[in-house]
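Throughout, protein chains are lettered first and strands after them, A, B, ... in sequence-line order, and every chain is numbered starting at 1. These numbers were taken from a predicted model, which means no experiment stands behind them.
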Amino acid sequence: MENGEDASFEDVLAQALLAWYERHARTLPWRIAPKWRRAGVRPDPYRVWLSEVMLQQTTVKAVGDYFAAFTARWPDMMAFAAAPEEQVMAAWAGLGYYSRARNLVACARRVAEDYGGMMPRKADELAKLPGIGPYTSASIAAIAFDEPVPVVDGNVERVVSRLFAIDRPLPQAKSEIRETLRPLVPQDRPGEFAEAMMDLGATICSPKRPACALCPLNMMCRAHSEQREEAYPVKAPKRAKAKKFAGAFVALRDDGKILLSRRPPKGLLGGMSEVPTGPWQESPVTRMPAPPLSAPWRKITPQVSHIFTHIDLKVTIWQASLLPDTPAPEGFWWHDLENLKEAGLPTVMAKIAEAAVPGATKARAKG
DNA sequence: TATCCGTGGGC
DNA sequence: TGCCCAAGGAT
């Protein structure tokens, strides 16, 4: 541009987007505002990493309180690396995709040991760390360290597939989208460009009824010119959910405690605490499964229904009262009902406890 | 490459 | 009500 040549399509697009971003950037707790970024201020890589992992398949609104709680409790990478895994899992309870929490701990400890607590600066190095894949490695490298790499999340997939009317369905189109985006990334402001693309997708280029009239790229958008915005991105059809059934055991000791256990480290709700359950099966539960301890079990109503990403689960609940001196079987423990929130139960388990003991999962005043 | 892995909100 | 969707990663 400076030498008088016509600006390239890539430059025009990036400049239009960045100009829009300077006016319309979302204000987020882990982000540095455009005016400060341009003054050379960079976000804290620890906060960028934590936020990016929390935001995987999770809305900004859902992340809000968790990010505040995590950063208050563990203000930097070294503090987080020293946190017991169980405490992190419990603090994560309710956010979902619990392997993220386990990988977060593993990643922090790796950074502490192998990098002296300093996050590596390059995307290809970041991608070797637990819980950091193609998206997160690129986003940390671009946003925290201004490496000019294409950052492709769900927002960017939508924006790019519309801009260029990419007909190949996702997820096969991922690499095509990344390579289409690569030459658009401005070498001097890759971090803001990544944030701007995501903000555009989140606020203007929405899945339904995009606000094309407000879009800084509308004159360059092929989907818009064809009035086929909502046809993109094309997605492969998804499979039906499996139906599953399980029995659960709410053992209540007369001194106000409930019996809990811990799920296996991997798989569904891996590593999380739980209300003891029988096997998860494909046919409705007709008979009581083997209980964790001998007691006068009584089936209670109603059932609990819970929908996971790929499983539609129905839980039948048995309940029993036990004497205060009843010991917990091996691998189980008694947890104070008054402090059930601190047990870190995933949502389906909180629902089960709530069905048996209404109010149990709310913070309750003593007495 | 396809499948597994949560949750809550929008329409 | 049912389906879609949200800053994906691991295997």
Side-chain angles (χ1 to χ4, degrees), chain A residues 26 28-31 43 47-67 89 92-104 106-107 126-144 150-159 168-175 177-178 191 193-203 205-210 230 233 235-242 244 263-272 274 280 305-313 344-351:
Chain A
R26 288 179 291 176
L28 299 168
W30 44 86
R31 182 181 276 185
R47 294 166 67 90
V48 173
W49 162 71
L50 182 61
S51 67
E52 291 297 348
V53 174
M54 285 186 167
L55 287 161
Q56 289 167 5
Q57 295 289 286
T58 307
T59 57
V60 169
K61 178 173 171 15
V63 163
D65 291 344
Y66 285 88
F67 182 80
M89 300 298 288
W92 193 273
L95 248 196
Y97 287 138
Y98 297 99
S99 65
R100 290 185 294 171
R102 178 175 302 269
N103 283 330
L104 217 45
C107 181
L126 286 160
K128 298 175 183 173
L129 295 168
I132 299 183
Y135 162 74
T136 306
S137 58
S139 66
I140 295 172
I143 293 170
V151 178
V152 182
D153 73 332
N155 289 305
V156 179
E157 286 173 353
R158 188 167 57 254
V159 171
R168 190 193 313 276
L170 287 168
Q172 294 95 319
K174 274 181 182 295
S175 62
I177 290 171
R178 184 178 297 103
F193 182 78
E195 293 176 320
M197 287 289 289
M198 292 191 277
D199 277 21
L200 188 71
T203 64
C205 195
S206 47
K208 303 295 181 187
R209 298 174 59 89
E230 290 192 17
K235 295 196 174 182
K238 46 189 69 171
R239 289 196 335 177
K241 288 190 199 314
K244 290 201 176 184
R263 294 182 59 79
K266 298 197 173 185
L268 191 67
L269 309 179
M272 299 299 288
E274 69 168 348
W280 297 25
S305 291
H306 189 77
I307 298 175
F308 298 98
T309 305
H310 58 296
I311 297 172
D312 183 346
L313 178 69
L345 292 175
T347 297
V348 63
M349 299 300 166
K351 279 189 192 175

Practice task
Look only at the side chain of A/Glu157 and the backbone of A/Val152, and say whether a donor-acceptor pair between them is shorter than 3.5 Å.
Solution key: no
Distance-only donor-acceptor pairs under 3.5 Å for side chains of residues 264-272 of chain A, two or more places apart:
none

Exercise for the section: Please work out if A/Trp30 contacts a base, only the sugar-phosphate, or nothing of the nucleic acid, heavy-atom cut-off 4.0 Å. Expected result: base
Problem - Nearest-angstrom distance, P atom, B/dA2 to C/dA7 - result: 23 Å
Problem - Under 3.5 Å donor-acceptor pair, A/Arg26 side-chain atoms to C/dA7 base atoms - result: yes
Practice task
With sequence neighbours excluded, tell me which residues meet side-chain hydrogen bond (donor to acceptor under 3.5 Å, both in side chains) with A/Tyr98.
Solution key: none
Handout entry: A/Thr203: partners by side chain to side chain contact (heavy atoms under 4.5 Å, CB included), with sequence neighbours left out
Key = A/Trp20, A/Arg26
Practice task
For A/Pro171, answer base if it contacts any base atom (sugar-phosphate contacts may also be present), sugar-phosphate if it contacts only those atoms, and nothing otherwise; contact means non-hydrogen atoms under 4.0 Å.
Solution key: nothing
Practice task
State yes or no: are the ring centers of A/Phe308 and A/His310 separated by less than 6.0 Å?
Solution key: no
Practice task
Scan A/Gly94 against the nucleic acid and name what it touches under 4.0 Å (heavy atoms): base, sugar-phosphate only, or nothing.
Solution key: sugar-phosphate
Handout entry: Where A/Ala194 and A/Ile143 come nearest, the two heavy atoms and their spacing
Key = CB-CG1, 4.5 Å
Fill in the blank from the handout: Note: chain A reaches DNA chain B at heavy-atom distances under 4.0 Å over the stretch, first to last nt, 5' to 3', of B/dT3 to B/dG8
Handout entry: Residues forming a side chain to side chain contact (heavy atoms under 4.5 Å, CB included) with A/Gln56, sequence neighbours excluded
Key = A/Val53, A/Arg100, A/Thr136
Problem - Positions of residues 50-65 of chain A (non-hydrogen atom under 4.0 Å from DNA chain B), listed by number - result: A/Gln57, A/Thr58
Exercise for the section: Identify whether any heavy atom of A/Gly270 sits under 4.0 Å from a base atom; if not, whether one sits that close to sugar-phosphate; answer base, sugar-phosphate or nothing. Expected result: nothing
